[in-house]
Amino acid sequence: MILNALPIRHMIQRILVTGGAGFLGSYLCERLVEQGHDVICLDNFFTSQKTNVAHLLDCPNFELIRHDITNPVFLEVDQIYNLACPAAPGHYQYNPIKTMKTSVMGSINMLGIAKRCGARILQASTSEVYGDPEVHPQVESYRGSVNPIGIRACYDEGKRAAETLFMDYHRSNGVDVRIVRIFNTYGPRMHPFDGRVVSNFIRQALAGEDITIFGDGSQTRSFCFRDDLVNAIIAMMSHNDFIGPVNIGNPDEFTIRELAEQVIEISGSASKLIQKPLPADDPTRRRPDISLAKKELGWEPKIKLADGLRQTIDWFKSIDLSDYRPPTPNYV
Ligand code: NAD
Ligand code: UDP
């Protein structure tokens with residue numbers, strides 16, 4: 001598989017993927033390994049496990065390193081995808097100070113490698129930089145509405161600070177940066193116990209349990225399938241003069257209640273909807289304006305929610321939930 005896909009030698013890049021054992025990172029590593037690149041996956045396994053990349057361990061162009069990006073590391077690479085950071089609210093709120101350190105100290109450490117090696121570095125930023133947005137759909141020029149002292153701030157403000165660091169390393173040190181603002185993404189290999197809406201609803205539907213709608217379910221999200229997302233970030237890394245920030249997401253917007261209804265229908269579940277309290281600072285509406293991604297990357301998502309859910313539900317049916325554990329208790 002790998003040999004047939006090998007590009008000519010000078011096209012092969014040495015690529016570091018931080019958070020490479022996670023949901024998005026492991027699929028990105030898989031894609032880059034298939035393209036023949038030399039891939040270094042670096043992860044502290046806070047929200048992931050080695051099994052996500054077990055199928056890559058025998059590939060000669062893949063290496064796995066257990067490392068926490070809040071500590072410096074010395075590597076020689078051509079490209080860095082900086083994905084390391086817990087993404088689900090329950091995960092990033094588990095140790096909020098560590099979440100902030102991961103975005104800030106982790107970004108400084110990775111930008112340091114990029115500066116020393118002259119590597120191109122991509123930051124996985126987030127729609128959360130817009131907070132609970134007053135502008136709809138969200139355009140990149142919107143500066144956002146984040147509660148800086150709320151329970152989501154460790155993530156939102158951490159990612160905002162990371163964007164600042166990326167732009168300052170770019171302006172002050174000429175580092176070749178890329179920033180993508182990722183909107184809610186789902187798909188096979190997402191952590192089944194991450195507490196996020198897609199994984200909760202699918203697990204509950206398959207087990208015939210009540211589906212937990214937080215609030216009245218009228219809040220919206222726009223869900224992007226994993227494969228579409230990874231296509232976009234590879235395109236962004238390959239672009240020679242567009243640094244972003246750019247929104248990457250699926251502009252099809254659904255209420256949380258509509259999502260629950262689709263999951264029930266596709267999985268053929270008899271689960272009922274129940275309401276639970278809405279968490280603090282939960283954004284009311286979220287939908288990306290992807291005009292910039294279309295124009296600069298020629299990218300738009302291809303997978304409709306129903307098709308993506310079908311693939312994700314099939315994956316949930318194929319796994320053994322007892323293989324997955326909650327976040328590492330000694331995460332400090
Ligand atoms: P994930 O939790 O599955 O992956 C994150 C990975 O980073 C995990 O493998 C985790 O163990 C690792 N990690 C966390 N802290 C680390 C540290 N200090 N050092 C080294 N590794 C560390 O989440 P994901 O959904 O794959 O998200 C990947 C990236 O994309 C994150 O930066 C996230 O903020 C961003 N993002 C994701 C979404 C989404 O909907 N999935 C939306 C917006 C942004
Ligand atoms: N949500 C829900 N039930 C759940 C989990 C989440 O209704 O079991 C809601 C949550 O309150 C939010 C939306 O679904 O309005 C998306 O939540 P998620 O944690 O997936 O991601 P967010 O976009 O809020 O970071």
Side-chain angles (χ1 to χ4, degrees), residues 17-29 41-50 52-53 65-71 73 81-93 95 98-99 101-103 105-107 109-110 122-129 132 152 155-156 158-159 162 180-187 189-191 194-204 210-224 226 229-230 233 247-249 254-257 259-260 273-286 327-328 331-332:
V17 181
T18 77
F23 159 50
L24 297 176
S26 60
Y27 183 63
L28 174 64
C29 284
C41 167
L42 189 150
D43 207 297
N44 70 351
F45 300 113
F46 169 46
T47 58
S48 59
Q49 42 207 32
K50 204 172 157 186
N52 281 349
V53 288
I65 302 175
R66 180 188 286 264
H67 179 80
D68 188 313
I69 62 161
T70 59
N71 298 311
V73 59
Y81 288 87
N82 189 36
L83 270 60
C85 186
H91 286 168
Y92 65 66
Q93 288 161 11
N95 183 341
K98 177 72 187 210
T99 299
K101 283 185 185 171
T102 296
S103 277
M105 294 161 66
S107 291
N109 288 328
M110 295 307 115
L122 178 144
Q123 168 65 356
S125 190
T126 168
S127 54
E128 291 284 329
V129 299
D132 190 1
R152 296 175 80 103
Y155 183 69
D156 304 6
K159 290 284 189 178
V180 292
R181 291 180 179 158
I182 302 172
F183 284 63
N184 296 59
T185 303
Y186 69 100
R189 225 180 276 153
M190 66 190 305
H191 196 301
D194 67 3
R196 303 191 78 183
V197 69
V198 174
S199 35
N200 272 7
F201 286 4
I202 294 179
R203 255 193 319 104
Q204 291 161 344
D210 291 338
I211 304 244
T212 53
I213 299 219
F214 298 168
D216 65 6
S218 63
Q219 70 273 34
T220 68
R221 294 293 186 274
S222 305
F223 300 98
C224 187
R226 173 200 69 177
L229 187 283
V230 167
I233 61 175
N247 290 337
I248 302 295
F254 296 88
T255 66
I256 292 307
R257 189 169 286 275
L259 174 73
L273 308 186
I274 58 160
Q275 273 185 234
K276 294 250 179 167
L278 189 68
D281 293 335
D282 201 282
T284 314
R285 296 185 75 186
R286 188 183 286 153
T328 321
Y331 180 61
V332 287

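Order of appearance sets the numbers: ligands from 1, and atoms from 1 within every ligand. On a predicted model such as this, the values are computed, not experimentally measured, just so you know.
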Problem set entry | Heavy-atom proximity to atom 35 (C) of ligand 1, best of Y155, Y81, F23 | Y155

For this session: Of all the heavy-atom pairs spanning A84 and I69, show the shortest one and how long it is.
Result: CB-CD1, 3.7 Å

For this session: For the residue pair R181 and S127, establish whether any side-chain heavy-atom pair is separated by less than 4.5 Å.
Result: no

Problem set entry | Contact partition for A88 relative to ligand 1, non-hydrogen atoms under 4.0 Å | neither

Problem set entry | Closest contact, heavy atoms only, C41 versus C29 | CB-SG, 3.9 Å

Exercise. Backbone or side chain, does any N or O of K159 fall under 3.5 Å from an N or O of ligand 1?
Worked result: yes

For this session: Tell me, please: is P89 in heavy-atom contact with ligand 2, that is, under 4.0 Å?
Result: yes

Exercise. Any idea which atoms of ligand 2 are less than 4.0 Å away from a heavy-atom of I213?
Worked result: 7 (O)

For this session: Decide whether an N or O pair under 3.5 Å exists between D43 and ligand 1.
Result: yes

For this session: For the residue pair R221 and V197, establish whether any side-chain heavy-atom pair is separated by less than 4.5 Å.
Result: no

Seminar exercise, completed: re atom 16 (C) of ligand 2, the protein heavy-atom contact at minimum distance is R221 NE, 3.6 Å

For this session: Return a yes/no value for T185: is any of its N or O atoms, backbone included, closer than 3.5 angstrom to an N or O of ligand 1?
Result: yes

For this session: Go through ligand 2 atom by atom and flag the ones less than 4.0 Å from a non-hydrogen atom of T212.
Result: 2 (C), 3 (N), 4 (C), 7 (O), 8 (O)

Problem set entry | Partner of Y81 under side chain to side chain contact (heavy atoms under 4.5 Å, CB included), chosen from L122, T18, V180 | L122

Exercise. What do you reckon, does A84 have a nitrogen or oxygen under 3.5 Å from a nitrogen or oxygen of ligand 1?
Worked result: no

Problem set entry | Mode of T47 contact toward ligand 1 - side chain, backbone, both, neither (heavy atoms, under 4.0 Å) | both

Seminar exercise, completed: ligand 2 atoms nearer than 4.0 angstrom to some heavy atom of E128 are 25 (O)

Exercise. Between L24 and ligand 1, is there a nitrogen or oxygen pair with a distance under 3.5 Å?
Worked result: yes

Problem set entry | Closest to atom 10 (C) of ligand 2 among D282, V197, I211 (heavy-atom distance) | D282

For this session: Using heavy-atom distances, let me know which of G22, A87, A124, G20 sits nearest atom 27 (O) of ligand 1.
Result: A87

For this session: Supply the atom-to-atom distance S26 OG to K50 NZ, rounded to the nearest 0.5 angstrom.
Result: 15.0 Å

Exercise. For F23, which of L83, T185, N52 qualifies under side chain to side chain contact (heavy atoms under 4.5 Å, CB included)?
Worked result: T185

For this session: Heavy-atom contacts with F45 under 4.0 Å: which atoms of ligand 1 show up? List them by number with element.
Result: 11 (O)

Exercise. Short list, please: which atoms of ligand 1 are under 4.0 Å from a heavy atom of H67?
Worked result: 19 (N), 20 (C)

Seminar exercise, completed: Checking heavy atoms under 4.0 Å, the part of Y186 that sits near ligand 1 is neither

Exercise. Which heavy-atom pair separates R152 from P283 by the least distance, and what is that distance?
Worked result: CZ-CD, 3.6 Å

For this session: Would you mind checking which non-hydrogen protein atom is closest to atom 5 (C) of ligand 2, with the distance to 0.1 Å?
Result: F214 CE1, 3.4 Å

For this session: May I ask whether A21 places a heavy atom under 4.0 Å from ligand 1?
Result: yes

Exercise. Applying a 4.0 Å heavy-atom criterion (strictly less than), which segment of R196 is in contact with ligand 1: side chain, backbone, both, or neither?
Worked result: side chain

Exercise. What residue and atom, counting heavy atoms only, is the protein's closest point to atom 25 (O) of ligand 2, and at what distance?
Worked result: R152 NH2, 2.8 Å

Exercise. Should the ring pair Y155 and Y92 be called parallel, tilted or perpendicular, given that the plane angle runs from 0 to 90° and is split at 30 and 60?
Worked result: parallel

Exercise. With only distance considered, is N184 within less than 3.5 Å of ligand 1 through an N or O on each side?
Worked result: no

For this session: Between N44, I233, D68, T99, flag the one that comes closest to atom 16 (C) of ligand 1 by a heavy atom.
Result: N44

Seminar exercise, completed: Scanning both residues in full, the closest heavy-atom pair of L24 with V230 reads O-CG2, 4.3 Å

For this session: Look only at the side chain of T220 and the backbone of R286, and say whether a donor-acceptor pair between them is shorter than 3.5 Å.
Result: yes

Problem set entry | Shortest non-hydrogen contact between G20 and V53, atoms and distance | O-CG1, 3.7 Å

Problem set entry | Within-4.5 Å side-chain heavy-atom neighbours: R196 and P89 | yes

Problem set entry | ligand 1 versus K101: contacting region, heavy-atom distance under 4.0 Å | neither

Exercise. For ligand 2, which atoms sit closer than 4.0 Å to a heavy atom of N184?
Worked result: 21 (O), 22 (P), 23 (O)

For this session: Number the atoms of ligand 2 from 1 as they appear, then name those within less than 4.0 Å of a heavy atom of I256, with their elements.
Result: 7 (O), 13 (C), 14 (O)

Exercise. Under a 4.5 Å cut-off applied to non-hydrogen side-chain atoms, are H67 and N109 in contact?
Worked result: no

Exercise. If you measure every N/O of I69 against every N/O of ligand 1, is any gap under 3.5 Å?
Worked result: yes

For this session: Output the list of atoms in ligand 1 that are nearer than 4.0 Å to some heavy atom of L83, sorted by atom number.
Result: 28 (C), 29 (C), 31 (C), 32 (O)

Exercise. Does any non-hydrogen side-chain atom of I213 lie less than 4.5 Å from one of L273?
Worked result: yes

Problem set entry | Heavy-atom side-chain contact between D132 and D281 under 4.5 Å | no

For this session: Any atoms of ligand 2 less than 4.0 Å from a non-hydrogen atom of R286? List them with their elements.
Result: 22 (P), 23 (O)

Exercise. If you measure from each heavy atom of E128 to ligand 1, is any distance below 4.0 Å?
Worked result: no

Exercise. Under 3.5 Å, N or O to N or O, is K98 touching ligand 1 that way?
Worked result: no

Exercise. What atoms in ligand 1 come closer than 4.0 Å to a heavy atom of F46?
Worked result: 11 (O)

Problem set entry | Heteroatom distance test (N200, ligand 2): nitrogen or oxygen, under 3.5 angstrom | yes

For this session: State, to 0.1 Å, how close C85 and S103 come at their nearest heavy-atom pair, and which atoms those are.
Result: SG-OG, 3.9 Å

Exercise. By number and element, which atoms of ligand 2 are closer than 4.0 Å to a non-hydrogen atom of P279?
Worked result: 11 (O)

Exercise. Of all the non-hydrogen atoms in the protein, which one sits nearest to atom 9 (C) of ligand 2, and at what distance?
Worked result: Q219 NE2, 3.9 Å

Problem set entry | Atoms in ligand 2 with a heavy atom of G195 nearer than 4.0 Å | 5 (C)

